[in-house]
2 protein chains.
Amino acid sequence: MTLSALADPTRRAILARLATGEASVSELAEPFDMSLVAVSKHLKVLERAGLISKGREAQWRPCRLEPKPLRQVDDWLESYRQFWNDNLDRLEAYAALLQKGGVDDPSN
Amino acid sequence: MTLSALADPTRRAILARLATGEASVSELAEPFDMSLVAVSKHLKVLERAGLISKGREAQWRPCRLEPKPLRQVDDWLESYRQFWNDNLDRLEAYAALLQKGGVDDPSN
DNA sequence: TCTATATTAAACCAATAAGTTAATTAACTG
DNA sequence: CAGTTAATTAACTTATTGGTTTAATATAGA
């Protein structure tokens, strides 16, 4: 559910904004070219995914970023990190070969 | 686009399988309780997102994992990593306080 | 108490996503 | 060549998503 919440660019922009500190719903909505209601719905998606939480302060609901699900994504990526490091190693080995003139460079 | 490709559990399972090595479309489809056509579509989504590539070997299309988009997700997470480390620090500080008997433990 | 502000709820719509079955393309194999 | 296997394309169905507008709820302040 986390990943599908993260799939929308508006929601990612909201998270980026929240990484700089708490903000109310209308503050979060301000930069977007869509209704407040639409942003409110995006916030609910983020909330259900645990990516943000909302407080209550008078008529405002200050939202703040919750790190847990992002950390889980990071953990999930861990399994692949080794994989792409391997690939990187291969690329680096290849680049080293090129340096020595050992292979044709396909980019030339 | 990467994130929405990653949002589907079937597709993530396919990636996990591919992290162990190349596989043909029908090999990839085998563990799933859905038609081959459905899996083929998932593969196309992954391919358009650059998460996999397909070769051709006779009538098979061996698929393999492409690391670049995953690495981009990792880079994207980077901005938040500091944020959740901060939070973790706060938690650790709190835990240390608890150890010293400085605060009530809300879990008791 | 009346009014303005902040937010959510409800009802609706168009586009996309995820699946199906049936038909098509392509390559190997006897 | 005929038949089988691998995969894709096409057409269709259903559910979900992302947006809208209008109405409702809650709080603050004159």
Side-chain angles (χ1 to χ4, degrees), chain A residues 1-66 69-70 73 76, chain B residues 1-66 69-70 73 76:
Chain A
M1 204 175 52
T2 304
L3 276 307
S4 51
L6 294 174
D8 184 273
T10 300
R11 289 195 289 264
R12 286 197 301 275
I14 289 172
L15 291 185
R17 164 69 185 76
L18 287 178
T20 76
E22 292 195 359
S24 72
V25 176
S26 22
E27 280 170 344
L28 288 171
E30 194 270 324
F32 298 105
D33 188 24
M34 70 179 71
S35 71
L36 183 81
V37 177
V39 172
S40 180
K41 282 186 181 180
H42 280 303
L43 290 173
K44 180 161 302 176
V45 173
L46 290 170
E47 197 179 14
R48 275 192 304 136
L51 283 157
I52 68 169
S53 61
K54 286 186 205 164
R56 11 186 73 204
E57 212 166 303
Q59 64 254 217
W60 293 275
R61 306 293 142 81
C63 303
R64 68 167 190 282
L65 187 53
E66 291 291 340
L70 287 175
V73 172
W76 174 77
Chain B
M1 205 176 51
T2 304
L3 276 308
S4 50
L6 294 175
D8 185 273
T10 302
R11 289 196 288 265
R12 286 197 301 277
I14 289 172
L15 292 184
R17 165 67 186 77
L18 287 177
T20 75
E22 293 196 358
S24 71
V25 176
S26 23
E27 280 169 345
L28 289 171
E30 195 270 325
F32 298 105
D33 187 24
M34 70 179 71
S35 71
L36 184 80
V37 177
V39 172
S40 180
K41 283 185 181 178
H42 280 304
L43 290 173
K44 181 161 303 176
V45 173
L46 290 170
E47 196 179 14
R48 276 192 303 136
L51 283 158
I52 69 168
S53 61
K54 286 186 205 163
R56 11 186 72 204
E57 214 167 300
Q59 64 255 216
W60 295 274
R61 307 291 141 83
C63 302
R64 68 167 189 284
L65 186 54
E66 291 292 340
L70 286 175
V73 173
W76 174 77

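Chain letters run A, B, ... following the sequence lines, proteins first, then strands; residues in each count from 1.
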Here the gap from B/L28 atom CG to B/L46 atom CG, rounded to the nearest 0.5 Å, amounts to 9.5 Å
Residues at least two apart in sequence or cross-chain that pass side-chain hydrogen bond (donor to acceptor under 3.5 Å, both in side chains) with A/R48, listed by chain then number, are none
Closest non-hydrogen contact found for B/A49 with B/A5 is CB-CB, 3.8 Å
Suppose we screen for side-chain hydrogen bond (donor to acceptor under 3.5 Å, both in side chains). Which residues come up paired with B/S26, at least two apart in sequence or across chains? none
The side-chain hydrogen bond (donor to acceptor under 3.5 Å, both in side chains) partners of B/S35 (sequence neighbours excluded) come to none
State the CG-CG distance between B/L3 and A/D8, to the nearest 0.5 angstrom. 10.0 Å
If you compare all heavy atoms of A/L43 against all heavy atoms of A/I52, which two are closest, and at what distance to 0.1 Å? O-CD1, 3.6 Å
With sequence neighbours left out, what residues match A/E47 under salt bridge (Lys or Arg N to Asp or Glu O under 4.0 Å)? A/K54
Using a heavy-atom cut-off of 4.0 Å to chain B, what are the terminal contacting nucleotides of DNA chain D, in 5' to 3' order? D/dA6 to D/dA11
Partners meeting side-chain hydrogen bond (donor to acceptor under 3.5 Å, both in side chains) with A/R11 (sequence neighbours left out): A/H42
Could you run down the sub-3.5 Å N/O contacts of the protein with nucleotides 2-7 of chain C?
residue, atom, partner, partner atom, Å
C/dA6, O3', A/Q59, O, 3.3
C/dT7, OP1, A/V25, N, 3.2
C/dT7, OP1, A/R61, N, 3.2
C/dT7, OP2, A/S26, N, 2.7
C/dT7, OP2, A/S26, OG, 2.2

With 3.5 Å as the limit, what N/O pairs link the protein to nucleotides 12-18 of chain C?
residue, atom, partner, partner atom, Å
C/dA18, OP1, B/R11, NH2, 3.3
C/dA18, OP2, B/R11, NH1, 3.2

Please set out all donor-acceptor pairs under 3.5 angstrom arising from side-chain atoms of residues 12-22 of chain A, sequence neighbours excluded.
residue, atom, partner, partner atom, Å
A/R12, NH1, A/L6, O, 2.6
A/R12, NH1, A/A7, O, 3.1
A/R17, NH1, A/T20, OG1, 3.2
A/R17, NH1, A/G21, O, 3.2
A/T20, OG1, A/R17, O, 2.7

